[in-house]
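In what follows, chains are A, B, ... by sequence order, proteins preceding strands, each numbered from 1. Note that these values count all heavy atoms, side chains included, but never hydrogens, waters or copies made by symmetry.
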Protein chains: 2
Amino acid sequence: MPSAAHPVEPSADAGAAPAFSPLYQQIKALLVRSLQGSEWRPGEAIPSELELAARFKVSQGTVRKAIDELAAEGLLVRRQGKGTFVATHAEQTVQYRFLRLAPDEGATAPVERRVLDCRRLRAPAEVARALDLKSGEAAVLVRRLLSAQGRPVVLDDIWLPGALFKGLTAEKLSGWRGPMYELFESEFGVRMIRAEEQIRAVAADAATAQLLAVEPGAPLLSVERLSRTYGDKPVELRRGLYHTAQHHYRNELS
Amino acid sequence: MPSAAHPVEPSADAGAAPAFSPLYQQIKALLVRSLQGSEWRPGEAIPSELELAARFKVSQGTVRKAIDELAAEGLLVRRQGKGTFVATHAEQTVQYRFLRLAPDEGATAPVERRVLDCRRLRAPAEVARALDLKSGEAAVLVRRLLSAQGRPVVLDDIWLPGALFKGLTAEKLSGWRGPMYELFESEFGVRMIRAEEQIRAVAADAATAQLLAVEPGAPLLSVERLSRTYGDKPVELRRGLYHTAQHHYRNELS
DNA sequence: ACGCATTTGTTCGTATGTATT
DNA sequence: TAATACATACGAACAAATGCG
């Protein structure tokens, strides 16, 4: 068995990865493919390392390294003794994976959600550009309000590609218990795996002020999020306005 | 050679790690110790994997895993063919490791810095609490202004433990080219390795407004940072006020 | 300009430990 | 208790990048 450390020949199962990348990177790309193609769904276990090693004809260690990176990127979750699972926005234990807002004091109380609006319309230019839509293509706009202890804290405007979210209605959103991204996973097969945020301080306009129960002109945190799914494809543009009197956005640097 | 996977006996070089942790975790703790004790300084190379393996009497792979984690945490930097180096706030090439502010358009132009104040005084209660100081202990307060394209953007109030920063003066700060954290490393042996930030939107008070050249009451981003060194010891409390009209705070979620 | 030694990076194989069911 | 799956640890070999003579 001499050809251990050579790149695999682009023969049978040639993947999307450039042929001259390390084996484990190629395996990683193949795994992402299977995730993308819903071979394994969020929350499910993927095959064991040994099974995958057999399937791809590589050693367990190589599969391990591929999985290690996917786990580090948050696509997979390892659980000793149980298996390796596809990451999901469900459970995710403590809280919403992407929500970085925390109360200044006390534990993160559960938030109440109210859907203010949910409509289909043509994507404005800026939204179309961000979501890689053709100009004039359909988009869904969701507007919602998050409250903690009865006080409004977050006003979200959420833009989604219309083609991916056929049948998304205010009723469906309101009826859903649990994170919205969980609904997107289970109902529309869209999985948010990564996002970039741009944060600014802005002054509340009159309409916003009323919704968030603050004075017009009050400082608000503006959080613009572009969420991506597999292959870095953008699938959500979100603009949140956070009232940060009793809450803050937390971040860790390293 | 039967005793491969057993925890090392707490004999010769017993470390800080609990005796029942994986070998590579123990090695990791020993490496952190050496970093903490300045056996290797920022920017320097640590011994090669084989040397370390010999020193600790473990396999290269075990050292590798320890180094892998330290690299993932940002304490070390690996460079193929050259060695593994102690992370530093110097070079760090592109930009300041911890500064997340980016211009809305264009590349990150270099910022001009102006030190407004640098004085020693007793730490206020809140600062003392955050920095683990006894109440009334000495602290250094630095106030500075960052500008981009001639326009002020960031006003920083920086609190440091007086005991660690003896001899820090406005002159020393002003004379320094390069990141402030680089000065802290080289001059005071204090290395910031991790930080937590709490972000809010606030209204500019009169004094701040003048310094940042905005209207009083204008919305500003308030960024409170607690920086830590080895062993999670807090060594800096910083409060920055960012003018986010032409800039934003960027963040990545995953 | 070439080649060699060094150092990290990749890959395999094997055995054993530990958590879960 | 046994089987399964991930976690740890060892050893060995070759690849790729770097720096030096």
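Here A:Arg79 lies in heavy-atom contact (under 4.0 Å) with sugar-phosphate atoms only. Counting any heavy atom pair closer than 4.0 Å across all strands shown, A:Gly61 reaches no nucleic acid atom.
Per the geometry, CD belonging to A:Glu69 stands 12 Å off P belonging to C:dG9, to the nearest Å. Rounded to whole angstrom, the span from the CZ atom of B:Arg64 across to the P atom of D:dC10 amounts to 14 Å. Going from atom CD of B:Gln60 over to atom P of D:dA13 covers 13 Å, rounded to whole Å. Atom CD in A:Gln25 sits about 19 Å away from atom P in D:dA15, given to the nearest Å. As rounded to whole Å, 16 Å separates atom C1' of D:dA9 from atom CZ of B:Phe56.
Look at A:Glu39 and A:Arg55 and you find a salt bridge, because one of the NZ, NE, NH1 or NH2 atoms lies within 4.0 Å of a carboxylate O, short of that distance. A salt bridge between B:Arg238 and B:Asp156 is present, with a side-chain N of the basic residue lying under 4.0 Å from a carboxylate O of the acidic one. Between A:Arg100 and B:Glu197 there is no salt bridge, since no side-chain nitrogen of the basic residue lies less than 4.0 Å from a carboxylate oxygen of the acidic one.
Within a heavy-atom distance below 4.0 Å of DNA chain C, the residues of residues 42-51 of chain B found are B:Ser48, B:Glu49.
Cation-pi geometry between B:Arg79 and B:Phe85 is satisfied (NZ or CZ under 6.0 Å from the ring centre, within 45° of the ring normal).
When each of A:Gly81 and B:Lys82 is assigned the nucleotide of DNA chain C with its nearest heavy atom, B:Lys82 is the one assigned upstream, toward the 5' end.
Between D:dA5 and A:Thr84, no contact under 4.0 Å exists linking OP1 or OP2 to a side-chain N or O.
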